Number of protein chains: 2
Amino acid sequence: MDERIPRDFETLRATILDRRESLPKRIAQIAAYALDNPDDIAFGTAASIAASAGVQPSTLIRFAQQLGFDGFTSLQQVFRERLRERNSSYDERLQALRAKAEGGAGHRAIFDGFVAAASTSLNDISRTLDDAHLEEAISLLAKAQTIYVLAKRRSYPVATYIAYALGKLKIRNQLIESAAGLNAEMIAFATPADAVIAISFSPYAPATIEEARTISEQGVPIVAITDSSFSPLAQFARVWFEVAEADFAGFRSLSATMALAMALTVGVGEKRRDTARRRKA
Amino acid sequence: MDERIPRDFETLRATILDRRESLPKRIAQIAAYALDNPDDIAFGTAASIAASAGVQPSTLIRFAQQLGFDGFTSLQQVFRERLRERNSSYDERLQALRAKAEGGAGHRAIFDGFVAAASTSLNDISRTLDDAHLEEAISLLAKAQTIYVLAKRRSYPVATYIAYALGKLKIRNQLIESAAGLNAEMIAFATPADAVIAISFSPYAPATIEEARTISEQGVPIVAITDSSFSPLAQFARVWFEVAEADFAGFRSLSATMALAMALTVGVGEKRRDTARRRKA
DNA sequence: TATGGATTGGAATTATTATTTCATATTCCC
DNA sequence: GGGAATATGAAATAATAATTCCAATCCATA
């Protein structure tokens, strides 16, 4: 009776799962239904939910009370809150999580922060990405003999994933790494029949900018992924994408960039297959 | 009176925006409120919404009727449906997008697919991540003299990002790359005072598994990120995380893994700072 | 198999909420 | 500026929904 009542959905879920064994049959039935159809609980009336779950309304109320709520209505609040949360602007959630992490709320808060930053970035990019640019970039890259991938530091992980994916799709590509110090030579091989994917975010790695400049002066078309129209990359690029990644604890998400990178890669793969097929026919 | 009533939120929104000019003052007021706070409309009662919007409940009903609904309740349905839709399991959306992309629906569909895969993965991991494991992994890594980062192929981008972040946080680390072919030697340096972050997903890169085995036999504790309890990595690991990444067009998302990786990295950074501070005091 | 306690179903009750109504105010047009 | 049409506010009413209660049933245990 004086147990702690779950205030948020995850706690509630855990509580239910925890007690599942010890619940009476009908109560267990409604418990299972609740976890399977949380939306119905959020919106339905006691009677309608009870009917869908095949129990009496009173059972539903007993279920709520057993969990410590004082009735169905307060149980329902938790299910509604869940929908609100999920839907609430990720920005607000990020704010809150940042404050929480600052306040030393433990490592879970840090993790949640990174998840929220990633989600925000994904939301953002799917709102802002321009379809025409995507098409243009893919056509351009699909025509290239070799695709050069250019990125350093923070953007480097994206470059390695692009290179990996291009490799799997059997698309000739060259990752421009700095390790061996042979970048200049590597770049010298690129011709206007090739193409470059360049990725750089503020603060722009000077080497990336320099290499992009050189390569664009050789007449090689560049597709750039960067973070603003003022980016030095943008001026060298034939097509460029503005990607705003949310940051957390000083590190930016890469999710949006990754999603775009993969779309470009797979897009090129598809385009080539289409072209090949059409040529045969 | 016999106008078409909007059945979905977007249509409703358009209708409202369209008529905005011609609506009476109070009705316009509630209309603006509705578009600004759709969640409140979905969940509130006529009275509570009216109060928040600064109008009478009757006005709210008139607003609904003016739009062709027969009362507030049916207007509210549209706002609720919207939340349901938005929330409809990402899995279903993914299914749909996959089908769409298969059907050759253009490159935007591919992009959307990657975004959806990333979102699904993030959702998933924030549900399943175990806080205790996170704490344990961070403590373990925080004590290490050097953190070795071990990953190949698909997981390699994550490793490079971890290495980058550790570097920025001034935490000694060593990325085990295969390029130079000196992995065995590198690994030989690791001692039980160090620690490893190993990342591998099915199909597990044999080199990663081999290296993990060797290093664990040297008594170096391993934190693993992998995709199932059957993973060969799990058996060598002191702590391991199961991360299920959704895939699209044959490539898996890395978002969840990235978020976890960053949480580990920044968590270690914080833990070290705390420890240092405590020592001073 | 009898007995006590827990569980369940269903109707009665109570509370809450949407809707209607009507008096009053405002606006717009002649 | 006057009058009709429209809009608004407030309270009354109707509808709907949550909760309670009690009898019936089930289940474990002796």
Side-chain angles (χ1 to χ4, degrees), chain A residues 1-3 5-6 12 15-16 19-34 37-81 83, chain B residues 1-3 5-6 12 15-16 19-34 37-81 83:
Chain A
M1 281 290 122
D2 103 325
E3 37 204 333
I5 63 174
L12 177 57
T15 310
I16 293 174
R19 302 208 200 150
R20 181 158 45 174
E21 296 307 322
S22 67
L23 291 174
K25 194 169 56 168
R26 288 272 114 108
I27 308 259
Q29 189 174 328
I30 189 76
Y33 182 87
N37 311 68
D39 289 10
D40 288 354
I41 308 281
F43 291 125
T45 68
S48 72
I49 296 164
S52 309
V55 302
Q56 291 289 327
S58 43
T59 307
L60 181 48
I61 284 155
R62 287 182 197 118
F63 168 60
Q65 288 170 341
Q66 197 138 134
L67 290 166
F69 298 95
D70 53 46
F72 165 70
T73 310
S74 29
L75 169 73
Q76 191 177 42
Q77 288 311 100
V78 175
F79 283 79
R80 293 188 164 183
E81 205 45 54
L83 286 185
Chain B
M1 282 294 119
D2 106 320
E3 36 203 335
I5 65 174
L12 177 58
T15 311
I16 293 173
R19 301 205 201 154
R20 182 156 47 173
E21 296 307 321
S22 67
L23 292 174
K25 193 168 60 166
R26 288 272 115 107
I27 309 261
Q29 189 174 328
I30 189 75
Y33 182 87
N37 312 69
D39 289 9
D40 288 354
I41 308 281
F43 290 124
T45 67
S48 72
I49 297 164
S52 307
V55 301
Q56 292 290 327
S58 42
T59 307
L60 182 47
I61 284 153
R62 287 182 196 119
F63 168 59
Q65 289 171 339
Q66 196 137 137
L67 289 166
F69 298 96
D70 53 47
F72 165 69
T73 310
S74 29
L75 168 73
Q76 192 177 41
Q77 289 311 98
V78 175
F79 283 79
R80 293 189 164 181
E81 206 44 54
L83 284 186

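The chains referred to below are lettered A, B, ... by the order of the sequence lines, with proteins before strands, and numbering in each begins at 1. Nothing here was measured: the structure is a model prediction, and the numbers come from that model.
Interatomic distance, CD1 of B:Ile16 versus CD1 of B:Ile30, reported as 10.0 Å (0.5 Å rounding).
If you check every strand for non-hydrogen atoms under 4.0 Å, A:Leu60 touches nothing.
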For this session: Do nucleotides 9-26 of chain D as a string where each nucleotide becomes B, S or -: B if the base has a protein heavy atom under 4.0 Å, S if just the sugar-phosphate does, - if no protein is that close.
Result: BB------SSBBB-----
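For the pair B:Val78/B:Phe69, a side-chain contact is recorded, criterion being any heavy-atom separation below 4.5 Å from C-beta on. Side chains of B:Asp40 and B:Phe79 form no contact here, defined as non-hydrogen atoms less than 4.5 Å apart.
Distance, A:Gln29 CD to C:dT7 P: 15 Å, rounded to whole Å.
B:Asn37 meets the side chain to side chain donor-acceptor pair (under 3.5 Å) test with no other residue; sequence neighbours excluded.
Within the structure, the side chain to side chain donor-acceptor pair (under 3.5 Å) test picks out the following pairs touching residues 42-52 of chain A (sequence neighbours left out): A:Thr45-A:Ser48.
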